[in-house]
Every structure is written in C-alpha cells, then in structure tokens.
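Remarks on the structure that follows.
Counting from 1, the numbers follow the sequence of the chain as shown. Quantities reported herein were computed from a predicted structural model and do not represent experimental measurements.
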Amino acid sequence: MERGKPARRPELLNQDDHVILSTYGSEYRGIVHYYLLAGDVFRLARLQWVMETSMLMTLANKHRSSVSKMARKYAATIETPHGLRKCFEARVERTDRKPLVGRFGGIPLRRDKKTVINDRRLAPVNTRRKELVTRLLAGRCESCGRIDEVEVHHVAKLADLGRSGTRPPWADLMAARHRKTLVVCGSCHAVIHGKKPVPALTE
C-alpha cells in the first residue's frame, strides 16, 4: 500500500503475467492458510481486496491498460470444498506437459479447526532467471511465433531501444513488455542484427 491505498509493485513489472499472479497468489495463500485456525479469519477479506487491487494495478501498468480490463482478462472460477469461488488465473501452455498456472484468490475465508500450520523456511528463488529459462524451454520465437531453436537477444538498458515511432517492431515488443531480453529464432535474430535471415529447414 501507498498513502493508505493499494499500489502497484514496480519490481514486478519486468516479469511475466504468470509470475506476477503466482507471486501475489503465494503470498496471499501463505497468510490465509496460517490464520485459518482463527475464528475471525473472514477479516482477511480486506487483505484480499488490497492485494487483488495491487496485483491488477501492477498488470494494468505493465500492459498500459486499465484495472477493469485486467480483471476481465484473468477472471476464473475454481471448485472448492465450499463451492465455486472466483479467482484470477494466468496460464502458460506447454507442449506435452501440463500448463503452468499462476493463481490468486479462490480460497474460502472460513475457519478450519483441523488445519495444520507448517512453518518452513523457503529457499530464495530467483524468479527472473526462472522466468527466462521457462521462455527458452518453450522454444517459441517471441517475434514471429515460430517453434524452433531459439536464441536470446538482449540490450543493456531499455533506453537503448530508442523512441516509439522510430524503432523496429522487435524493439517495440521489448519496450511493451518492459524486458531487456527477447527470445527469438535464428532468422529473427539475424534480422535484428541486420544480417541475411537463415532459411528455415524443411523436411
């Protein structure tokens, strides 16, 4: 929060939407599960609203959109022991594997006398590195969308991309995503560096 109101989190703007929802979701889930023994756990509805609003503001800022549009885009419904609950989800589809799902909310704020508190120290996770590895393993060119062997094009800072209207499409893509890296196929990487594209292999 900032000045008593929900606020965006700038440190998450460079992450994938899936990572942003997962970050908020895991933090909220940890707090709620810890306090499920409390008789007034329903009071955490205020925390849910603050974190949900902050999350949607962060996504809206990243995509230069509105909170309401982000809410509609990622709205979902899941089944719980207490019936259907609304939540927010971002999915990353993967070939021959289950999709990665980042979820926020969908937890009934009802007392659970049988819940078990399991305090454990989590190992630090470098989400930025993990997010880039996930993009590489997907094997999809983020410029043309082709499935192929991919490479990473990177710049030292986003300011090096130039101003909007004068830069090439790949630079616009990096600027829109607030990323200094772009996973591309060999042909697109050659185009970025002003070289002759490598012809695609055909069977």
Side-chain angles (χ1 to χ4, degrees), residues 1-35 41-78 85-93 99-109 122-135 138 142-143 152-165 167 169-183:
M1 298 180 71
E2 189 174 289
R3 296 181 181 178
K5 296 181 179 180
R8 66 188 181 93
R9 292 171 63 177
E11 70 275 13
L12 294 177
L13 292 177
N14 289 333
Q15 303 296 341
D16 266 353
D17 294 357
H18 163 265
V19 174
I20 294 176
L21 267 80
S22 294
T23 300
Y24 275 94
S26 61
E27 293 171 354
Y28 174 70
R29 186 164 54 251
I31 296 173
V32 171
H33 284 172
Y34 190 88
Y35 286 105
V41 66
F42 62 87
R43 295 181 183 274
L44 291 179
R46 167 71 177 178
L47 172 68
Q48 179 182 1
W49 174 78
V50 170
M51 294 190 69
E52 177 183 307
T53 305
S54 173
M55 178 187 70
L56 294 174
M57 289 175 67
T58 302
L59 289 168
N61 185 226
K62 174 184 175 181
H63 295 288
R64 298 180 183 177
S65 184
S66 66
V67 168
S68 58
K69 288 182 179 179
M70 293 295 100
R72 287 194 297 269
K73 180 177 180 180
Y74 294 109
T77 304
I78 60 172
R85 288 293 186 275
K86 293 181 179 179
C87 64
F88 295 94
E89 282 187 359
R91 290 176 173 264
V92 177
E93 300 296 334
L100 294 173
V101 180
R103 179 180 296 143
F104 175 86
I107 306 174
L109 295 178
L122 299 178
V125 178
N126 187 334
T127 55
R128 180 171 298 181
R129 181 178 180 183
K130 181 179 179 182
E131 181 262 342
L132 179 58
V133 171
T134 301
R135 291 160 58 200
E142 295 176 345
S143 179
V152 178
H153 177 71
H154 60 87
V155 295
K157 53 186 178 180
L158 292 176
D160 294 339
L161 296 174
R163 295 184 178 180
S164 178
R167 57 195 177 204
W170 60 266
D172 284 335
L173 185 59
M174 294 179 75
R177 295 185 176 189
H178 297 280
R179 282 205 193 102
K180 292 187 288 187
T181 60
L182 190 67
V183 176

Reported CG-to-CZ distance for the pair Leu56 and Arg72, which is rounded to 0.5 angstrom | 11.5 Å
From the options Thr134, Val101, Val92, select the one residue that forms a side-chain contact (heavy atoms from CB on, under 4.5 Å) with His18.
-> Val92
With side-chain contact (heavy atoms from CB on, under 4.5 Å) as the test, would you mind laying out the steps for Leu109 and Val32 before giving the verdict?
-> CA-CA 8 Å; Leu109 295 178; Val32 171; 3.8 Å; yes
Derivation and outcome, side-chain contact (heavy atoms from CB on, under 4.5 Å), residues Arg91 and Leu100 | CA-CA 6 Å; Arg91 290 176 173 264; Leu100 294 173; over 6 Å; no
Gly105 and Cys87 have their tightest heavy-atom pair at C-CB, 3.8 Å
Arg46 meets the side chain to side chain contact (heavy atoms under 4.5 Å, CB included) criterion, sequence neighbours left out, with Met1, Trp49, Val50
Less than 4.5 Å apart, any side-chain heavy atom of Arg103 and any of Phe88?
-> no
Roughly how far, to the nearest 0.5 Å, is the CG atom of Leu59 from the CG atom of Asn61?
-> 9.5 Å
So OH of Tyr24 and CG of Leu12: to nearest 0.5 Å the spacing works out to 6.0 Å
Please report the C-alpha distance between Leu161 and Trp170 in whole Å, then the side-chain angles of each, then the deciding distance to 0.1 Å, and finally whether the side-chain contact (heavy atoms from CB on, under 4.5 Å) criterion is met.
-> CA-CA 9 Å; Leu161 296 174; Trp170 60 266; 4.0 Å; yes
Once you round to the nearest 0.5 Å, how far does CE of Met57 lie from OG of Ser66?
-> 12.0 Å
Indicate whether the side chain of Arg135 and that of Thr181 have a donor and an acceptor atom separated by less than 3.5 Å.
-> yes
Where is the tightest heavy-atom contact between Gly106 and Pro108, given as atom of each residue plus distance?
-> O-CD, 3.7 Å
Could you check if a side-chain atom of Leu47 sits within less than 4.5 angstrom of a side-chain atom of Tyr35, using non-hydrogen atoms only?
-> no
Sequence-distant partners of Arg177, salt bridge (Lys or Arg N to Asp or Glu O under 4.0 Å), two or more places apart | Glu142
Val67 side chain near Thr53 side chain, heavy-atom distance below 4.5 Å = no
Is it true that a side-chain atom of Arg167 and a backbone atom of Gly162 form a donor plus acceptor pair closer than 3.5 Å?
-> yes
Could you check Asn14 against Lys62 for side-chain contact (heavy atoms from CB on, under 4.5 Å), going step by step and ending with a plain yes or no?
-> CA-CA 8 Å; Asn14 289 333; Lys62 174 184 175 181; over 6 Å; no
Separation between CD of Gln15 and OG1 of Thr58, rounded to the nearest 0.5 Å = 11.5 Å
Please confirm whether the backbone N or O of Arg85 pairs with a side-chain atom of Thr77, one donor and one acceptor, at under 3.5 Å?
-> no
Does a sphere of radius 6.0 Å around CD in Glu2 hold more than 12 heavy atoms from other residues, nucleotides or ligands, not counting ones at 6.0 Å or beyond?
-> no
Taking only residues two or more places apart in sequence, or in another chain, which ones meet Phe104 in a ring-ring contact (aromatic ring centres under 6.0 Å, His included)?
-> Tyr28
Any chance NE2 of His178 has more than 12 other-residue heavy atoms, nucleotides or ligands included, within less than 6.0 Å?
-> yes
Of all heavy-atom pairs linking Pro6 and Ser54, the shortest is CB-N, 4.1 Å
Using a strict 4.0 Å threshold on nitrogen-to-oxygen distance, state whether Asp160 and Lys180 make a salt bridge.
-> no
Contact check, side chains of Leu13 and Arg8, non-hydrogen atoms, under 4.5 Å = yes
Is any side-chain heavy atom of Val155 closer than 4.5 Å to a side-chain heavy atom of Met174?
-> yes
Approximate separation, where rounding is to 0.5 Å, of Arg43 CZ and Gln48 CD | 16.0 Å
Any Ser65 side-chain heavy atom under 4.5 Å of Met70 side chain | yes
Given the rule in the salt bridge (charged side-chain N to carboxylate O under 4.0 Å, His left out) test, do Glu27 and Arg9 qualify, once you have shown the distances and angles that lead to the verdict?
-> CA-CA 14 Å; Glu27 293 171 354; Arg9 292 171 63 177; 3.0 Å; yes
Scanning both residues in full, the closest heavy-atom pair of Gly102 with Ser22 reads CA-OG, 3.2 Å
